[in-house]
Structures are given as structure tokens and as C-alpha cells.
Amino acid sequence: MPRRHVRVTGAPQAPLRSALRALRTELGVPGGFPAEALAEVGPPARLPAYDATDVPLFTIDPPTSEDLDQAMHLSRRERGGYRVQYAVADVAAFVTPGGALDAEAHRRVTTLYFPDGKVPLHPPRLSEGAASLLPGQTCPAVLWTIDLGPDGRAEITDVRRALVRSRARLDYATAQHRIDEGTAEEPLALLKEVGTLREALEAERGGISLGVPEQEILEKDGTYELAYRAPLPAEGWNAQISLLTGMAAAELMLDHGTGVLRTLPAAPDGAVGRLRRTALALRVDWPHHVSYAQLVRSLDPRLPHHAAFLQECTTLLRGAGYTVFRDGVLPEVTVHAAVAAPYAHCTAPLRRLVDRYASEICLAVAAGLPSPEWVLAALDALPKEMAEGSRRAGTVERECVDIVEAALLKDRVGDLFEACVVDVTEHDSTVGTVQLESPAVFARISGGTVPLPLGERLRVRLVRADPGTEKVRFEPA
């Protein structure tokens with residue numbers, strides 16, 4: 001599911017670089033990998049017997065990505081419908097359970113993304129080299145084959161280890177251009193057809209995919225400007241293939257009675273109420289008879305105020321967690337509210353720890369074998385590990401947004417802005433959060449003498465914008 005993405009274009013200025021370095025230190029973000037972990041990076045411990053290198057897989061990722069978790073091939077079935085072949089990097093083929101590399105992965109849990117770079121889960125020699133599904137490289141993978149009916153519904157699922165070799169590496173813009181121009185070969189052209197069918201099924205079951213724009217801070221002449229990059233339709237279609245695989249994995253594990261799901265309860269009324277106040281601040285029309293899902297599907301991420309609102313919609317995903325079950329005893333909650341179906345993380349093992357374990361369980365189920373002992377031994381601790389890792393990633397995300405927004409506003413201290421109060425603290429009604437109309441920034445407000453008018457507009461003055469200290473703060477004007 002989406003996160004709030006923020007990226008700095010151009011060379012970050014000294015105050016921003018310094019604040020990001022300090023944030024890494026404050027959060028205890030790992031640096032380089034231990035020598036003993038690096039020493040274990042080598043060729044795969046085993047190669048699968050099944051050879052699928054004849055399948056002309058392709059990848060679609062951001063242009064600078066080297067850690068390619070997934071590659072796909074789409075085709076039509078002779079009797080109607082579609083076949084989705086989805087290869088996922090086989091990290092377990094390279095990582096010895098209980099070894100130094102495994103221990104370091106459990107310490108890191110996830111890849112962390114900063115505006116000026118990332119802190120990877122695995123050493124780049126593995127995640128951007130031997131295990132990555134780079135074009136022309138033969139490597140082991142977990143190969144999912146999912147047959148769909150003419151309406152896009154999953155009918156038959158198979159998963160097995162296989163040798164694969166990707167043929168082409170595409171970025172989203174190139175893939176979108178080829179599809180739009182009608183020059184895409186059938187496997188790529190079908191991405192639109194299959195993706196659109198899966199989006200319709202998502203809407204039918206009440207699911208929501210947020211087309212979260214990337215928040216971009218543009219450095220220019222020593223100052224910063226805020227912009228949003230709206231996702232392309234191809235990004236949504238690509239995400240639907242990953243969601244399809246995660247839903248298939250969840251069904252396999254539920255049928256087997258042992259596994260780990262990604263779950264999310266329905267959003268509390270208070271969170272939805274806050275989001276309605278945000279919509280008001282950004283002049284997003286949200287009639288009371290329109291559901292949240294309907295509203296999201298009506299938004300255009302190319303419009304700045306819609307883009308900013310979609311960023312804030314990610315707040316409703318913060319209750320997501322991981323639920324382990326075993327020995328046929330199913331958990332009380334099995335559904336991810338945004339997916340509106342059981343769902344599991346299994347398609348990004350180069351960047352997320354839990355995916356390696358979910359894949360191993362699914363492989364065992366498909367082969368009619370018990371799950372490996374090393375998987376079962378680690379299963380109960382995974383939710384806590386993933387929660388701590390996700391919490392750190394969330395903190396990085398929030399703090400980075402605060403830092404870059406402070407950098408954006410640092411030369412406008414004293415200026416007046418139009419804003420809307422979207423939150424008021426319970427213990428002090430003169431303190432809360434405002435959403436600026438332009439630029440679309442969330443920030444703390446305090447210093448007034450009367451209660452803040454929740455959900456109403458007011459003019460505010462910027463009194464602090466420092467990337468290294470208090471970030472951004474306003475007071476009523």
C-alpha cells in the first residue's frame with residue numbers, strides 16, 4: 001500500500017543535508033553492513049530444477065531502481081481469459097537462516113527511504129545485483145502463475161521456484177507511452193486490459209487504491225518549491241498485479257491454516273472526520289452522501305489540491321499490521337480494509353522482511369509440504385518486528401516531510417497564509433494543526449488566546465521554519 005513519498009530534486013542545501021544527517025543519527029538508522037554479513041553475500045545456495053527462462057518477462061519500475069523485486073508476463077488463454085506469470089525475487093535462495101545476513105535483515109526489517117537516498121534492507125550486491133531481476137540475468141525466483149477468467153477474476157493459482165531471465169526493463173513513462181501509442185507488444189498491452197479489469201473488481205468489492213502523488217521539493221537558486229508528480233495509469237495497473245498476487249498468497253495460507261497476513265481494520269469515525277476537515281481546507285468537494293471510496297476514485301492526482309488530499313488519505317492506513325496464524329486456527333480479522341479482501345505481503349522481499357517468510361509458506365502449500373522449520377520458528381516474532389520496522393519507516397517518512405517543508409518555507413517567516421484548522425488538541429484548544437491552502441503544508445499552530453475554530457478557515461502567520469529544530473509553526477494572525 002502507498003506511503004507518502006517525498007523527493008528532493010537538485011542538490012540539497014546545507015541546512016537540509018545537515019537536518020537529514022541528524023535525523024539518521026537520532027533514529028539510530030543503520031549505516032553500513034557488518035563485515036560478517038557482507039561475507040555471506042554470494043551465489044545462491046541452490047538453483048531450482050524448473051527452468052522458466054523461456055518466459056519473456058519484463059519489469060516496470062522507477063527509472064533509477066536497481067532492486068527489482070518483480071517481473072511479469074501476461075498472455076491470453078486459449079479458452080478465454082488471461083494468464084499472469086509473476087516472478088518475485090527469491091531472497092531465501094541467498095540468505096542462510098540464522099546467519100549473519102539473516103540477523104542483519106531482522107535488525108533492519110525494511111528499506112528506509114530518505115529524500116537524499118535510501119538505507120537498504122539487504123546489501124546492494126544482493127538487492128541490486130545477484131537477487132535482483134535485472135534484464136539478461138538468469139537467477140532464481142518465486143514464480144506465480146495465476147489464470148484469470150474473462151472478467152479478471154482469479155481461477156487457478158500455482159507457485160513454484162524457477163529459474164527466470166527478464167528480457168526488458170521498462171520505466172512507467174515508457175510503458176505508458178507504448179500502451180497509449182499502440183506500439184506495445186501484447187504482454188505489455190495486456191497490462192492495461194488486465195489492470196482495468198482488476199480495478200473494476202476492486203471497486204466492486206469496496207476496495208480502495210490510493211494514487212498517491214510523489215511530493216517533490218524542487219531546489220532552485222538556493223530556495224525550494226513544492227510540486228506533486230501524479231502517478232501514471234500504468235502504475236495503478238502494475239500495482240493491481242502485485243495486489244492480485246498478495247490476495248492469492250493470502251488465500252493459499254488461509255486454506256492451509258498457517259501464515260502471516262497484512263490486515264487493516266476499518267478506519268475509526270474520528271479519522272474520517274479529520275479527513276473531511278482536510279477536504280474542506282483544500283476545497284475538495286465531499287458531499288455527505290458520497291462514500292470515502294467513491295470520493296477517492298473521483299479525484300484527479302494531476303490537480304494540486306487533489307494531490308495534496310490524496311497524500312493525507314494515507315492516514316487511514318496507519319492501523320495496518322501483520323497477523324500470524326497457525327495449526328488451522330484462523331484469526332478473528334483476516335481482511336485488509338483497503339483491499340477489501342484477505343491480503344499478504346509477498347512481492348517485495350528485497351525491501352521488506354516479511355515477504356520472504358510468506359513466500360516460503362506459499363511454496364510449501366503449493367508443493368504439499370510442511371512449512372520449513374526456520375519459517376515456523378520465526379513466525380510468531382514477525383508481527384512485532386514488522387511493527388517496529390514500520391514504525392521507524394513511518395517516523396522517517398513524517399520527519400522527512402516536516403524537514404523538507406521547513407526548508408521550503410524557511411525564507412517566508414512572517415508571511416501570512418490562508419489555512420483551515422483540521423485538528424485541535426484535547427488538553428489545549430489553542431493548539432492544533434492547520435492545512436495551508438498554498439503551498440499544501442500541514443503544520444502545528446499555537447500562540448493564540450482563543451480556542452481554534454475546528455474545521456473553519458483562518459489566516460495564519462508563519463513564526464518558525466527551521467529544518468533543524470522546531471520544523472514549521474504558525475500562529476493565528
Side-chain angles (χ1 to χ4, degrees), residues 3 20-47 65-70 88-114 116-134 137 139-142 161 260 262 321-322 324 344-361 363 371-397 399-400:
R3 303 191 70 86
L20 292 172
R21 282 198 302 269
L23 178 61
R24 285 176 166 88
T25 301
E26 178 186 344
L27 298 180
V29 172
F33 286 83
E36 56 270 24
L38 292 174
E40 292 183 2
V41 178
R46 61 180 182 276
L47 291 176
S65 294
E66 296 291 334
D67 50 348
L68 309 184
D69 283 290
Q70 317 103 9
V88 177
D90 187 3
V91 175
F94 296 87
V95 177
T96 302
L101 189 55
D102 185 34
E104 184 64 13
H106 278 266
R107 184 169 80 92
R108 293 176 178 242
V109 183
T110 66
T111 293
L112 298 175
Y113 295 92
F114 288 80
D116 57 348
K118 66 183 178 183
V119 180
L121 172 62
H122 299 103
R125 276 193 294 158
L126 176 67
S127 60
E128 299 182 0
S132 180
L133 302 183
L134 296 165
Q137 175 168 283
C139 53
V142 177
R161 282 196 157 87
V260 53
R262 180 66 164 165
Y322 294 89
V324 164
H345 274 161
C346 67
T347 63
L350 295 175
R351 292 168 283 155
R352 198 168 48 210
L353 177 65
V354 70
D355 298 48
R356 173 160 47 112
Y357 291 87
S359 290
E360 288 300 313
I361 296 171
L363 287 164
S371 297
E373 284 300 322
W374 63 268
V375 172
L376 296 177
L379 206 56
D380 290 337
L382 273 177
K384 182 178 179 181
E385 288 178 295
M386 291 304 302
E388 292 175 351
S390 298
R391 194 156 39 243
R392 178 164 58 182
T395 300
V396 166
E397 176 185 290
E399 292 293 324
C400 284

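No hydrogens, no waters, no symmetry mates; every other heavy atom, side chains included, goes into these values.
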Heavy-atom pair with the smallest gap, counting every atom of Ala130 and Phe94: O-CZ, 3.5 Å
Pairing residues for Lys118 by the side-chain hydrogen bond (donor to acceptor under 3.5 Å, both in side chains) criterion, not counting sequence neighbours: Asp67, Glu128
Before you tell me yes or no, could you show the steps for Leu23 and Cys400 under side-chain contact (heavy atoms from CB on, under 4.5 Å), namely the whole-Å CA-CA distance, both residues' side-chain angles and the distance that decides it to 0.1 Å? CA-CA 8 Å; Leu23 178 61; Cys400 284; 3.9 Å; yes
State the NE2-OG1 distance between His122 and Thr111, to the nearest 0.5 angstrom. 8.0 Å
Please test Leu101 against Val41 for side-chain contact (heavy atoms from CB on, under 4.5 Å), starting from the C-alpha separation and ending with a verdict. CA-CA 8 Å; Leu101 189 55; Val41 178; 4.2 Å; yes
What distance separates Arg391 CZ from Met386 CE, expressed to the nearest 0.5 Å? 11.5 Å
Any donor and acceptor pair, going by atom type alone, linking the side chain of Arg125 with main-chain N or O of Leu38 inside 3.5 Å? yes
To check you understand the geometry: which heavy-atom pair defines the closest contact between Leu68 and Ser132, and what is its length? N-OG, 2.9 Å
Salt bridge flag under 4.0 Å for residues Arg161 and Glu360: yes
Closest approach of Leu133 to Asp69 (non-hydrogen atoms, all atoms of both residues): CD1-O, 3.5 Å
State, with a plain yes or no, whether a side-chain heavy atom of Asp355 is found less than 4.5 Å away from one of Val88. no
CG of Leu134 to SG of Cys139: how many Å apart, nearest 0.5 Å? 7.5 Å
Residues in side-chain hydrogen bond (donor to acceptor under 3.5 Å, both in side chains) with Thr347, at least two apart? Ser242
Nearest 0.5 angstrom please: Leu350 CG to Gln70 CD, how far? 8.5 Å
Quick one: pull up CZ in Arg352 and CG in Leu121 and give me the separation to the nearest 0.5 Å. 10.5 Å
Does anything in residues 374-389 pair up under side-chain hydrogen bond (donor to acceptor under 3.5 Å, both in side chains), and if so which pairs, sequence neighbours excluded? His106-Glu385, Arg326-Asp380
Salt bridge (charged side-chain N to carboxylate O under 4.0 Å, His left out) partners of residues 36-45, not counting sequence neighbours, each pair once: none
Residue pairs involving residues 96-109 (criterion salt bridge (charged side-chain N to carboxylate O under 4.0 Å, His left out); sequence neighbours excluded): Asp102-Arg356, Glu104-Arg107, Glu104-Arg108
Set out, in order, the CA-CA distance, both residues' side-chain angles and the distance that settles side-chain contact (heavy atoms from CB on, under 4.5 Å) for Val396 and Arg24, then state yes or no. CA-CA 8 Å; Val396 166; Arg24 285 176 166 88; over 6 Å; no
All heavy atoms of Leu379 vs all of Val324, minimum pair found to be O-CG2, 3.3 Å
For residues Pro140 and Leu47, report the shortest heavy-atom separation together with the two atoms involved. CD-CD2, 4.4 Å
Taking the side chain as C-beta and beyond, is there a heavy-atom pair between Tyr322 and Leu382 under 4.5 Å? no
Taking all atoms of both residues into account, what is the closest heavy-atom pair of Thr110 and Gly389, and its distance? OG1-O, 4.1 Å
Qualifying residues under ring-ring contact (aromatic ring centres under 6.0 Å, His included), relative to Phe33, sequence neighbours excluded: none
